[in-house]
**Student:** 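Here it is: the structure, laid out below.
Hydrogens, waters and symmetry mates play no part in the numbers below; they use all other heavy atoms, side chains included.
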Amino acid sequence: MSDKLYDVNERMIEQDGKLIIRRHQEVQSLLDENQALADFAPSAHGDAKFRLAGCIPLVVAEQWSAECGEAIGTQGFAAYVKRKLQDGDFARLRVKGF
């Protein structure tokens, strides 16, 4: 995977006496990589215990972490991500599904 997949841009703006921080991540290369992985990744058949379910942009993971109130990497966050990835709105983040 390319380092560009994780390139996050941050912009700070002062507006009405408040500091607004906007984070942006160009995710097209990550979506393309997910599609390529989906084309070649094995399905979970036989003895496969682990497989890649998907790749999530950092800015999306941060947003989901804030939504569920769990830190990235915790079991609570993993359960929340699993539910989100099962939603059709996030199908392009999945590689093989669950």
**Student:** For the residue pair Ala71 and Ser65, what are the closest heavy atoms and their distance?
**Tutor:**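 The pair with the smallest heavy-atom distance is CA-OG, 3.9 Å.
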
**Student:** Rounded to the nearest 0.5 Å, how far does CZ of Arg83 lie from CZ of Phe90?
**Tutor:**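 Phe90 atom CZ to Arg83 atom CZ measures 12.5 Å (nearest 0.5 Å).
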
**Student:** Measure the CZ-CG distance between Arg22 and Asn9 for me, rounded to the nearest 0.5 Å.
**Tutor:**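 Between atom CZ of Arg22 and atom CG of Asn9 there are 14.0 Å.
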
**Student:** Is the count of non-hydrogen atoms from other residues, nucleotides or ligands lying under 6.0 Å from Gln75 atom CD greater than 12?
**Tutor:**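 For Gln75, atom CD is not crowded (no more than 12 foreign heavy atoms under 6.0 Å).
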
**Student:** Kindly say whether Val59 contributes a backbone atom to a donor-acceptor pair with the side chain of Gln25 at under 3.5 angstrom?
**Tutor:**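 Indeed, once roles are kept as given, a pair shorter than 3.5 Å links the two residues.
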
**Student:** Do the side chain of Asn34 and the main chain of Arg92 share a donor and acceptor less than 3.5 angstrom apart?
**Tutor:**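 Pair found, side chain donor or acceptor close to backbone of Arg92.
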
**Student:** For Phe77 and Cys68, which heavy atoms make the closest approach, and how far apart are they?
**Tutor:**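 Scanning both residues completely, I find the closest heavy atoms to be CD1-SG, 4.1 Å.
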
**Student:** Do you know the tightest heavy-atom contact between Leu30 and Cys55?
**Tutor:**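 Leu30 and Cys55 have their closest heavy atoms at CD2-O, 3.4 Å.
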
**Student:** About how many Å separate CG of Leu93 and CG of Leu31, when rounded to the nearest 0.5 Å?
**Tutor:**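 That separation rounds to 6.5 Å.
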
**Student:** When rounded to the nearest 0.5 angstrom, what is the spacing between OH in Tyr80 and CH2 in Trp64?
**Tutor:**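 Spacing of OH (Tyr80) from CH2 (Trp64) equals 8.0 Å.
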
**Student:** Can you tell me how far the CG atom of Asp32 sits from the CG atom of Leu37, to the nearest 0.5 Å?
**Tutor:**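 Those atoms lie 11.0 Å apart.
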
**Student:** Quick one: which residue pairs count as a salt bridge (Lys or Arg N to Asp or Glu O under 4.0 Å) with a foot in residues 10-19, not counting sequence neighbours?
**Tutor:**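 Residue pairs with at least one partner in residues 10-19: Glu10-Arg23.
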
**Student:** If you round to the nearest 0.5 Å, how far is CD1 of Ile20 from CE of Met12?
**Tutor:**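 If I round to the nearest 0.5 Å, the distance is 12.5 Å.
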
